[in-house]
Amino acid sequence: EYYASAEARNLIFVKDKLYAADSAAKAVYSWDLNTKKSDSFLLSGDFNSLEKPVLLADKIYYLSGNRLISLDTTNGNNSALDLDGVGPDDKINSFQLYYLDRLYILMADNNQIYRLNRSGNNFSAKTSWLKEEVQLGDAIDLAVTGDVLVLKNNGQVQKFYLNRPQDFSLAAVDPALDSASLLKAS
């Protein structure tokens with residue numbers, strides 16, 4: 001049973017279950033859409049938020065300041081993953097895990113996408129992924145498909161391949177996008 005004061009946010013589907021994070025309660029709630037049963041997972045560790053959920057191999061990863069919180073949806077185990085080289089004042093706009101061992105983080109204030117490799121329960125020092133200067137100040141999200149796609153707040157998408165920008169444009173949509181917030185690719 002859930003409390004009326006729950007602050008469930010950042011919904012994500014995993015198979016036939018819906019998960020919602022509650023930073024204030026340090027919990028993640030789940031609802032099985034087939035059985036109509038619910039469950040909750042209390043998270044351990046010191047963190048202040050559970051933002052921008054990303055699914056990879058039965059685990060949900062949440063951004064919490066300058067690190068990730070992982071939740072294994074098969075057994076409820078959770079852990080904090082430090083991001084070496086990411087300081088407390090660094091602003092991560094978005095992140096994406098690619099395969100099981102590569103993490104890409106978008107830091108628009110730095111006009112850079114960084115790549116970190118998994119090293120045990122943490123990620124190695126960040127390295128600049130972009131090899132050319134690019135203006136990312138208005139970038140808000142990214143997706144990694146082999147290419148790296150970056151969403152800007154006006155709805156434009158930039159495509160990068162092998163660390164460099166590519167010529168890319170999307171067909172116009174009606175009504176026009178003028179305020180985008182999320183990019184998902186598969």
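Index from 1, following the sequence.
F13 and L55 make their closest contact through O-CD2, 4.2 Å (heavy atoms, listed as atom of the first residue, atom of the second, distance). Taking all atoms of both residues into account, the shortest heavy-atom contact from N111 to V134 is CB-O, 3.2 Å. Contact detail for N122 and A80: the closest heavy-atom pair is OD1-O, 4.3 Å. Between P53 and I60 the shortest heavy-atom distance is CB-CG2, 3.9 Å. Nearest approach of E7 to A24, heavy atoms of both residues: OE1-CB, 3.9 Å. Between S64 and I69, the closest heavy-atom pair is CB-CG1, 3.8 Å.
With a 4.5 Å cut-off on side-chain heavy atoms, K15 and T73 do not count as touching. Between Y114 and V86 the shortest side-chain heavy-atom distance does not fall below 4.5 Å. Using a 4.5 Å cut-off on side-chain heavy atoms (C-beta onward), W129 and F160 make contact. Between F123 and L68, the closest side-chain pair of non-hydrogen atoms falls below 4.5 Å. Considering only heavy atoms from C-beta on, L136 comes within 4.5 Å of I113 through its side chain. When side chains are defined from C-beta on, V28 counts as touching L43, because their heavy atoms get closer than 4.5 Å.
With sequence neighbours excluded, no residue forms a side-chain hydrogen bond (donor to acceptor under 3.5 Å, both in side chains) with S128. Applying the salt bridge (Lys or Arg N to Asp or Glu O under 4.0 Å) criterion to E133, with sequence neighbours excluded, gives no partner residue.
Placement of L81 and M107 within a single hydrophobic cluster is found when ILVMFWY residues are connected by side-chain heavy-atom separations under 4.5 Å, directly or transitively. Grouping the Ile, Leu, Val, Met, Phe, Trp and Tyr side chains by contacts below 4.5 angstrom, directly or via other members, places L142 apart from L182. Both L11 and L33 sit in one connected hydrophobic cluster of ILVMFWY residues. Membership requires side-chain heavy atoms under 4.5 Å apart, directly or through other members. Side-chain heavy atoms closer than 4.5 Å link hydrophobic residues (I, L, V, M, F, W, Y) into clusters, and following such links, even through other members, never connects L130 to L162. Hydrophobic clustering (side-chain heavy atoms under 4.5 Å, transitive across Ile, Leu, Val, Met, Phe, Trp, Tyr) groups Y29 together with L18.
The neighbour count for Y161 OH, taken as heavy atoms of other residues, nucleotides or ligands under 6.0 Å away, does not exceed 12. Remark: N48 CG is packed, more than 12 non-hydrogen atoms of other residues, nucleotides or ligands lying under 6.0 Å away.
Interatomic distance, L56 CG to Q96 CD, rounded to the nearest 0.5 Å: 8.5 Å. Distance check: F47 CZ to N78 CG gives 7.5 Å after rounding to the nearest 0.5 Å. Interatomic distance, NZ of K152 versus CG of D138, reported as 4.5 Å (0.5 Å rounding). The distance from atom CG of L63 to atom CD of E51, rounded to the nearest 0.5 Å, is 7.5 Å. Note that the CG atom of N66 and the NZ atom of K91 stand 14.5 Å from one another [nearest 0.5 Å]. Residue I105 holds its CD1 atom at 5.0 Å from CG of L116, rounded to the nearest 0.5 Å.
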How far apart are the C-alpha atoms of D39 and S30, what are their side-chain angles, what is the distance that settles it, and do they pass the side chain to side chain donor-acceptor pair (under 3.5 Å) test?
-> CA-CA 5 Å; D39 201 357; S30 71; 5.0 Å; no

Report the C-alpha distance between D90 and K126 in whole Å, list the side-chain angles of each, state the deciding distance to 0.1 Å, and finish with yes or no for salt bridge (charged side-chain N to carboxylate O under 4.0 Å, His left out).
-> CA-CA 12 Å; D90 288 332; K126 71 180 195 244; 3.7 Å; yes

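Of the possible donor and acceptor atoms, none in the side chain of N153 sits under 3.5 Å from a partner among the backbone N and O of I140. Judged by distance alone, with hydrogens and angles left aside, the side-chain atoms of D82 form no donor-acceptor pair with the main-chain N or O of D84 at under 3.5 Å. D58 places no side-chain N or O within 3.5 Å of a backbone atom of T74 that could act as its donor or acceptor partner. The closest donor-acceptor contact from the side chain of D141 to the backbone of L183 lies under 3.5 Å.
Defined by atom type and a distance below 3.5 Å, a donor-acceptor pair is missing between the side-chain atoms of S124 and N117. Donor-acceptor pairing under 3.5 Å is recorded for the side chains of S70 and S79.
In this structure, Y98 and Y104 have perpendicular ring planes: the angle between them is above 60°, well past the 30° mark.
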